[in-house]
*Asks:* 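Sending over a structure as structure tokens; questions will come in a sec.
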Amino acid sequence: MDHVKLHIPGPVEVSDKTFRAFCSPMIGHRGQGFKDLYAKIQPQLQALLYTKQLVYLSTSSAWGVMEGAVRNLVAKKVLCCMCGAFSDKWLDVSQRCGKQAEGLKVEWGSPILAEAVDKKLASGQFDALTFIHNETSTGVMSPLSQIAALKEKYPDVMFIVDAVSSMSAVKLPFDALRIDVLLAGTQKAFALPPGLTVFTCSPAALAKAAKSVDRGYYFDLVEFEKNAQQNMTPSTPSIAHIYALASKLDEFFAEGLDARFARHEKLAKMTRDWAGRHGFTLFPTAGYESVTLTCINNGARSGGRVVDVPKLQKLVKDAGFLIDAGYGKIKGTTFRISNMGDETEATMNQLYHALDAAMKKL
Ligand SMILES: Cc1ncc(COP(=O)(O)O)c(C=O)c1O
């Protein structure tokens, strides 16, 4: 179908093959057909996340599980690592859940570093932390393995990790990291339509959730575990998404996970090179650039080039591609280009050609 191709950092382009799987004939969610479907993808999901834990499927966008994890796992106080729009919002969401919460705030564009987290956790005030691996608003990828290494020092703190825009594009070895919750919405690097979240939990998280009296029902981690043991979900899931996920997982393993991770890294580097060729600088602190999207500075303050971003966006859109004009308080002073999902060197080159042509017209 003729349409504007998405190069915004989610939702991203969904292939015809994925849509065909999405439109498979409907089945009942308590029947053997559904159990067989979930049983088929469970080992693939476990391989994707390098875990022996069961992987759960939530019919919600990521915020559902992000909020649910806080409701299930925060008894004392949560430390919210804040470095951009989504991680900042998690403090607000935690407070709206009635939890004691404190922010560890860094400038947008900077990563969250282990030393600062360590200092905060040393106070002994916290029994949970929220951390976003790939802050989509700023294009910053914080060093997850260094943060996760703190788990050894603080075994009773629940490490709740959002990998919304990195899961399946970057190796995330859940068991080896020893974190407690890892989640992602599937409209990003999985290249599925929005509406499904994939997540897993540590045994310690499940044990802690079981003791929480106000964890609700829809995002009750214990319910997800109990149901997943029988290849089911607590409530009626979006079965269409799960068909599409099954199709996608087959593609991931046909490509090979290492090849998939390397592809995302290569494509992000190509976008950074495109930005450099046009005199732009990058928004993230050097060394912490995302491998799924590129957040490009547009402003004299950054020492780089300044363009009319809405005009650039419009020209590229007329050529058939949608890029993002910046998010939250950095809208207009940055713009973002996604290379998530099914993109290849060939498809990214088509985008760069359209961008090159647009740049000539500015
Ligand atoms: C890193 C990150 N976390 C959380 C979210 C929220 O996801 P959703 O709106 O799908 O619930 C987003 C959305 O873009 C995101 O990029």
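Ligands are counted one by one from 1 in listed order, and the atoms in each one are counted from 1 as well. Fair warning: this is a prediction, and the values are worked out from it, not measured in the lab. Excluded from the calculations below are hydrogen atoms, water molecules and symmetry mates; all remaining heavy atoms, backbone and side chain alike, are included.
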*Asks:* With backbone taken as N, CA, C and O and side chain as the heavy atoms from C-beta onward, which portion of Trp63 lies under 4.0 Å from ligand 1: side chain, backbone, both, or neither?
*Replies:*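 Trp63 to ligand 1: contacts from backbone and side chain alike.
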*Asks:* With a 3.5 Å cut-off and no angle check, do the side chains of His7 and Lys5 form a donor-acceptor pair?
*Replies:*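 Checked: His7/Lys5 side chains pair up, N/O donor to acceptor below 3.5 Å.
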*Asks:* Could you identify the single nearest non-hydrogen protein atom to atom 10 (O) of ligand 1 and state the distance to 0.1 Å?
*Replies:*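 It is Gln187 NE2, 2.8 Å.
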*Asks:* Suppose I only count heavy atoms of Asn134 and a 4.0 Å limit; which atoms of ligand 1 are within that range?
*Replies:*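 Reading through ligand 1 atom by atom, the close ones are 1 (C).
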*Asks:* Determine, for Arg263 against Glu255, whether the closest basic-nitrogen to carboxylate-oxygen distance falls under 4.0 angstrom.
*Replies:*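 Salt bridge: yes.
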*Asks:* Any N or O of Val164 that comes nearer than 3.5 Å to an N or O of ligand 1?
*Replies:* no
*Asks:* Among all the protein's non-hydrogen atoms, which is closest to atom 3 (N) of ligand 1, and how far away is it?
*Replies:* Asp162 OD2, 2.6 Å
*Asks:* Could you tell me the residue and atom name of the protein heavy atom closest to atom 5 (C) of ligand 1, and the distance to it rounded to 0.1 Å?
*Replies:* Phe86 CD2, 3.6 Å
*Asks:* Against heavy atoms of Ile132, which atoms of ligand 1 measure under 4.0 Å?
*Replies:*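 Close to Ile132: 1 (C).
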*Asks:* Does either side chain, that of Gln187 or that of His241, offer a donor lying less than 3.5 Å from an acceptor on the other one?
*Replies:*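 No, no side-chain donor-acceptor pair sits under 3.5 Å.
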*Asks:* Going by the angle between their ring planes, with limits at 30° and 60°, are Phe280 and His278 parallel, tilted or perpendicular?
*Replies:*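 Because their plane-to-plane angle lies in the 30° to 60° range, the rings of Phe280 and His278 count as tilted.
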*Asks:* Can you list the ligand 1 atoms lying under 4.0 Å from a non-hydrogen atom of Met66?
*Replies:*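 Listed by number with element, the hits are 4 (C).
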*Asks:* State, without any angle test, whether Asp162 and Trp90 hold a side-chain donor-acceptor pair at a distance under 3.5 Å.
*Replies:*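 Their side chains do not contain a donor-acceptor pair, so the 3.5 Å distance test is not met.
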*Asks:* Give the residue, atom name and distance (to 0.1 Å) of the protein heavy atom nearest atom 16 (O) of ligand 1.
*Replies:* Thr136 OG1, 2.5 Å
*Asks:* If you count the atoms of ligand 1 from 1 in the order shown, which ones are under 4.0 Å from a heavy atom of Ala62?
*Replies:*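 Those of ligand 1 that fall under 4.0 Å from Ala62 are 7 (O), 8 (P), 10 (O), 11 (O).
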*Asks:* Indicate, as side chain, backbone, both or neither, the part of Glu135 found under 4.0 angstrom from ligand 1 when only non-hydrogen atoms are considered.
*Replies:*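 The answer is neither.
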*Asks:* Give the residue, atom name and distance (to 0.1 Å) of the protein heavy atom nearest atom 8 (P) of ligand 1.
*Replies:* Ser61 OG, 3.5 Å
*Asks:* Pairing donors with acceptors under 3.5 angstrom, does anything connect the side chains of Lys248 and Thr18?
*Replies:* yes
*Asks:* Would Asp118 and Tyr154 count as having a side-chain donor-acceptor pair, cut-off 3.5 Å?
*Replies:* yes
*Asks:* Would you kindly say whether Ser290 and Asn134 are connected by a side-chain donor-acceptor distance under 3.5 Å?
*Replies:*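 Asn134 and Ser290 do have a side-chain donor-acceptor pair below 3.5 Å.
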*Asks:* Side chains of Asn339 and Glu343: do they bring a donor and an acceptor to under 3.5 Å?
*Replies:*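 The answer is no; no qualifying pair exists.
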*Asks:* At what distance is the nearest protein heavy atom to atom 14 (O) of ligand 1, and which residue and atom is it?
*Replies:*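 So the nearest neighbour among protein heavy atoms is Lys188 NZ, 2.5 Å.
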